[in-house]
Amino acid sequence: VQVVESGGGLVQAGGSLTLSCATTGLAFERHAMGWFRQVPGKKREGVSCVNWSGAETEYLDSVKGRFSISRDNKKSMVFLKMNNLKPEDTAMYYCAAGEYSVCLASWSSELGFEDWGQGTQVTVSS
């Protein structure tokens with residue numbers, strides 16, 4: 001299984017970015033997908049999760065209303081649209097495939113996620 005993130009970069013506060021995550025070797029439509037982020041010295045935190053169909057989503061409270069997760073099962077890809085970015089959104093963003101088709105109650109703690117990508121850096125300047 002390969003998971004590859006892209007779309008990160010440097011953006012000014014208030015700007016937008018869309019992250020993409022491409023997977024191969026995975027029965028993509030059977031897995032929930034998640035986005036996580038990590039800054040140096042801190043624990044990785046869950047940003048968003050989407051169930052197998054895309055109909056159910058979960059978000060970290062601080063990104064609700066600003067970020068939107070979606071997926072394309074035909075292309076085996078998941079996306080994270082980030083609007084109104086803030087300096088505190090600066091982090092390495094990771095994509096991961098869940099073991100199950102739904103977002104577990106523990107999704108934000110990484111439990112139940114496997115097959116991680118290498119990450120894409122998002123930097124938001126003030």
Side-chain angles (χ1 to χ4, degrees):
V1 176
Q2 279 194 317
V3 177
V4 180
E5 303 94 336
S6 62
L10 174 63
V11 64
Q12 288 188 328
S16 298
L17 282 174
T18 297
L19 305 184
S20 299
C21 172
T23 71
T24 56
L26 181 71
F28 186 77
E29 65 279 5
R30 297 182 182 179
H31 297 265
M33 296 296 295
W35 283 99
F36 296 79
R37 66 187 182 188
Q38 188 173 26
V39 297
K42 291 190 175 182
K43 187 179 179 181
R44 187 155 55 187
E45 65 177 356
V47 175
S48 186
C49 179
V50 60
N51 77 330
W52 68 275
S53 69
E56 297 179 0
T57 57
E58 301 282 351
Y59 294 96
L60 179 68
D61 283 347
S62 62
V63 308
K64 285 180 180 178
R66 299 189 297 122
F67 290 13
S68 178
I69 191 170
S70 62
R71 63 190 293 157
D72 185 333
N73 284 351
K74 291 183 179 180
K75 296 182 178 179
S76 297
M77 295 185 70
V78 62
F79 307 95
L80 186 68
K81 173 67 172 174
M82 306 184 295
N83 294 322
N84 190 21
L85 282 160
K86 303 177 180 181
E88 52 264 41
D89 295 318
T90 295
M92 184 71 78
Y93 282 72
Y94 298 91
C95 176
E99 293 182 62
Y100 304 101
S101 61
V102 297
C103 299
L104 303 179
S106 60
W107 72 271
S108 62
S109 68
E110 302 184 34
L111 292 176
F113 283 91
E114 55 190 7
D115 300 320
W116 293 80
Q118 294 301 304
T120 185
Q121 178 68 36
V122 172
T123 302
V124 184
S125 62
S126 58

Quick check: closest heavy atoms across [X] and [Y], and the distance to 0.1 Å?
| X | Y | value |
| --- | --- | --- |
| Val122 | Met82 | CG2-CE, 3.9 Å |
| Met33 | Cys95 | CE-SG, 3.5 Å |
| Ala96 | Phe36 | CB-CE1, 4.3 Å |
| Leu104 | Gly112 | CD1-CA, 4.4 Å |
| Ser126 | Pro87 | CB-CG, 3.8 Å |
| Leu111 | Ser106 | CB-OG, 3.9 Å |

Take atom [atom1] of [X] as the centre, draw a 6.0 Å sphere, and report whether it contains more than 12 heavy atoms from other residues, nucleotides or ligands.
| X | atom1 | result |
| --- | --- | --- |
| Lys75 | NZ | no |
| Gln2 | CD | no |
| Glu99 | CD | yes |

Would you check if the side chain of [X] reaches a backbone N or O of [Y] as a donor-acceptor pair within less than 3.5 Å?
| X | Y | result |
| --- | --- | --- |
| Thr90 | Val124 | yes |
| Arg44 | Met92 | no |
| Glu5 | Cys21 | no |
| Asn51 | Glu56 | yes |
| Arg30 | Leu26 | no |

- Please lay out, stage by stage, how Ser20 and Met77 fare under the test side chain to side chain contact (heavy atoms under 4.5 Å, CB included). CA-CA 7 Å; Ser20 299; Met77 295 185 70; 4.0 Å; yes

- Test log, rule side chain to side chain contact (heavy atoms under 4.5 Å, CB included), inputs Arg37 and Val63: CA-CA 12 Å; Arg37 66 187 182 188; Val63 308; 4.0 Å; yes

- Verify side chain to side chain contact (heavy atoms under 4.5 Å, CB included) between Ser6 and Thr120, making sure each step is shown before the conclusion. CA-CA 6 Å; Ser6 62; Thr120 185; 5.5 Å; no

- Message: Quick test of your reading: applying ring-ring contact (aromatic ring centres under 6.0 Å, His included), list the pairs with at least one residue in residues 86-108, sequence neighbours left out, ordered by first then second residue.
- Response: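 As it turns out, there is no ring-ring contact (aromatic ring centres under 6.0 Å, His included) pair with a partner in residues 86-108 once direct neighbours are skipped.
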
- Residues Asp61 and Lys64 bridged, charged N to O under 4.0 Å: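 Yes.
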
Treating Ile, Leu, Val, Met, Phe, Trp and Tyr as nodes and any side-chain heavy-atom pair under 4.5 angstrom as an edge, say whether [X] and [Y] lie in one connected cluster.
| X | Y | answer |
| --- | --- | --- |
| Leu60 | Leu19 | yes |
| Val47 | Phe79 | no |
| Trp52 | Ile69 | no |
| Val3 | Trp116 | no |
| Phe113 | Val50 | no |

- Pairwise distance CG(Asn83) to OG1(Thr18) - rounded to 0.5 angstrom: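 Answer for the CG-OG1 pair, Asn83 versus Thr18, is 7.5 Å.
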
- Query: So, Trp35 versus Phe67, ring centres under 6.0 angstrom or not?
  - Reply: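 Ring-ring flag for Trp35/Phe67: false, centres at least 6.0 Å apart.
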
- His31 and Asp115: side chain to side chain contact (heavy atoms under 4.5 Å, CB included), yes or no, with the steps? CA-CA 11 Å; His31 297 265; Asp115 300 320; 5.7 Å; no

